*Asks:* 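Here it is, the structure, as structure tokens.
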Amino acid sequence: SQCHHLRLSHLFGAMKVAVLGGTVSGLACARRLAAEGRAVDVFSTLFDPARSVHTPHALCEYAADTFVVAADASEAFIKETQVWSQNGRLTEARDFVLGRSCAGSTARVPLQAGSRRFRASGGLLALLELELQALQGVRVQPSQLTALRQDEHGAWWVSDIEKRTLGPYDQVALAFDSLPRAA
């Protein structure tokens with residue numbers, strides 16, 4: 001039974017966590033959970049093709065190559081960007097301009113004091129793909145999720161576009177980035 005399976009996972013295995021969202025925050029969350037000994041499944045694709053890591057929005061939602069680490073960013077995220085920088089996946093983008101007009105003038109994007117802009121080698125999508133491949137002890141689920149439910153025993157289950165039910169999970173982490181989104 002489902003309840004029996006849950007008891008066995010608590011007695012003989014790691015707590016099982018589903019991370020919904022394979023963006024920068026989802027990957028950081030999965031890495032931290034795995035480091036704490038939890039079994040992690042990352043679901044990077046929710047059923048919204050315009051907002052998926054694997055099918056970026058036409059207006060370059062994840063195809064952009066730069067992002068800002070705000071002065072008040074979490075310590076964990078700052079450490080994550082330091083690791084990516086040390087691994088050669090990021091460089092600081094001090095020369096960033098928003099665009100160039102037909103007349104040749106440029107529009108610089110001012111940063112909040114203490115904030116830093118980084119450029120991801122190959123763009124954010126490439127960074128996310130590299131990180132997905134590098135996660136140890138984490139399974140990446142290719143399913144497009146359509147539903148999330150909790151049963152009467154407290155277990156979490158996810159359903160995908162093929163009408164499969166995946167689980168049970170002891171916990172679910174929702175991971176969302178604060179990247180600008182196209183309308």
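The structure presented is a predicted model; accordingly, all values stated were derived computationally and were not measured. Atom set for the values below is all heavy atoms of this structure, side chains included, hydrogens, waters and symmetry mates excluded.
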*Asks:* Evaluate Val40 against Val19 for side-chain contact (heavy atoms from CB on, under 4.5 Å), listing each step before the verdict.
*Replies:* CA-CA 7 Å; Val40 180; Val19 174; 3.7 Å; yes
*Asks:* Within a strict 4.5 Å, meaning less than it, do heavy atoms of the Val17 and Tyr169 side chains meet?
*Replies:* no
*Asks:* Going through the checks in order, is the side-chain contact (heavy atoms from CB on, under 4.5 Å) test met by Val69 and Phe77?
*Replies:* CA-CA 8 Å; Val69 177; Phe77 185 61; 3.7 Å; yes
*Asks:* Would Ile78 and Leu90 show up in the same hydrophobic cluster when neighbours are defined by side-chain heavy atoms closer than 4.5 Å?
*Replies:*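 Yes, Ile78 connects to Leu90 through the hydrophobic network.
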*Asks:* Please check this pair: side chain of Asn87 against backbone of Arg89, looking for a donor-acceptor N/O pair closer than 3.5 Å.
*Replies:*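 Absent.
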*Asks:* If you look at every heavy atom in Ser115 and Ala71, which pair is closest and at what distance?
*Replies:* OG-N, 3.0 Å
*Asks:* State whether Asp170 and Lys16 are salt-bridged, where the test is any N-O pair (Lys NZ or Arg NE/NH1/NH2 against Asp/Glu carboxylate O) under 4.0 Å.
*Replies:* no
*Asks:* Can you name the side-chain contact (heavy atoms from CB on, under 4.5 Å) partners of Glu162, sequence neighbours left out?
*Replies:*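 In terms of side-chain contact (heavy atoms from CB on, under 4.5 Å), with neighbours along the sequence ignored, Glu162 is linked to Asp160, Arg164.
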*Asks:* Minimum heavy-atom separation for Gly21 and Val42, please, with both atom names.
*Replies:* O-CG1, 4.1 Å
*Asks:* Would you call Thr165 and Val158 a side-chain contact if the rule is heavy atoms closer than 4.5 Å?
*Replies:* no
*Asks:* With a 4.0 Å cut-off, would you call Glu92 and Arg117 a salt bridge?
*Replies:*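 So Glu92 does not pair with Arg117 through a salt bridge.
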*Asks:* Compare every heavy atom of Gly26 with every heavy atom of Ala175, then report the nearest pair and how far apart it is.
*Replies:* CB-CA, 3.3 Å
*Asks:* Could you pull out all residues at least two apart from Ala147 that satisfy side-chain contact (heavy atoms from CB on, under 4.5 Å)?
*Replies:* Ser159
*Asks:* Would you indicate whether the side-chain heavy atoms of Arg38 and Gln171 approach each other to under 4.5 Å?
*Replies:*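 Of all side-chain heavy-atom pairs linking Arg38 with Gln171, at least one is under 4.5 Å.
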*Asks:* Is any side-chain heavy atom of Leu135 less than 4.5 Å from a side-chain heavy atom of Leu27?
*Replies:*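 Yes, their side chains come closer than 4.5 Å.
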*Asks:* Spell out, yes or no, whether Leu127 and Val83 are grouped together once hydrophobic residues are joined by side-chain heavy atoms under 4.5 Å, including indirect joins.
*Replies:*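 In one cluster with Leu127: Val83, no.
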*Asks:* Can you run down the side chain to side chain donor-acceptor pair (under 3.5 Å) pairs that involve residues 68-78, sequence neighbours left out, and say none if there aren't any?
*Replies:*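 Of all non-adjacent pairs touching residues 68-78, those that pass side chain to side chain donor-acceptor pair (under 3.5 Å) are Glu75-Lys79.
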*Asks:* If we only count heavy atoms from C-beta on, is the Leu148 to Trp157 side-chain gap below 4.5 Å?
*Replies:* no
*Asks:* To the closest 0.5 Å, what do you measure between CZ (Arg116) and OG (Ser85)?
*Replies:* 6.5 Å
*Asks:* Taking atom CZ of Phe118 and atom CD of Gln82, what is their separation to the nearest 0.5 Å?
*Replies:* 8.0 Å
*Asks:* Rounded to the nearest 0.5 Å, what separates atom CZ in Arg119 from atom OG1 in Thr91?
*Replies:* 6.0 Å
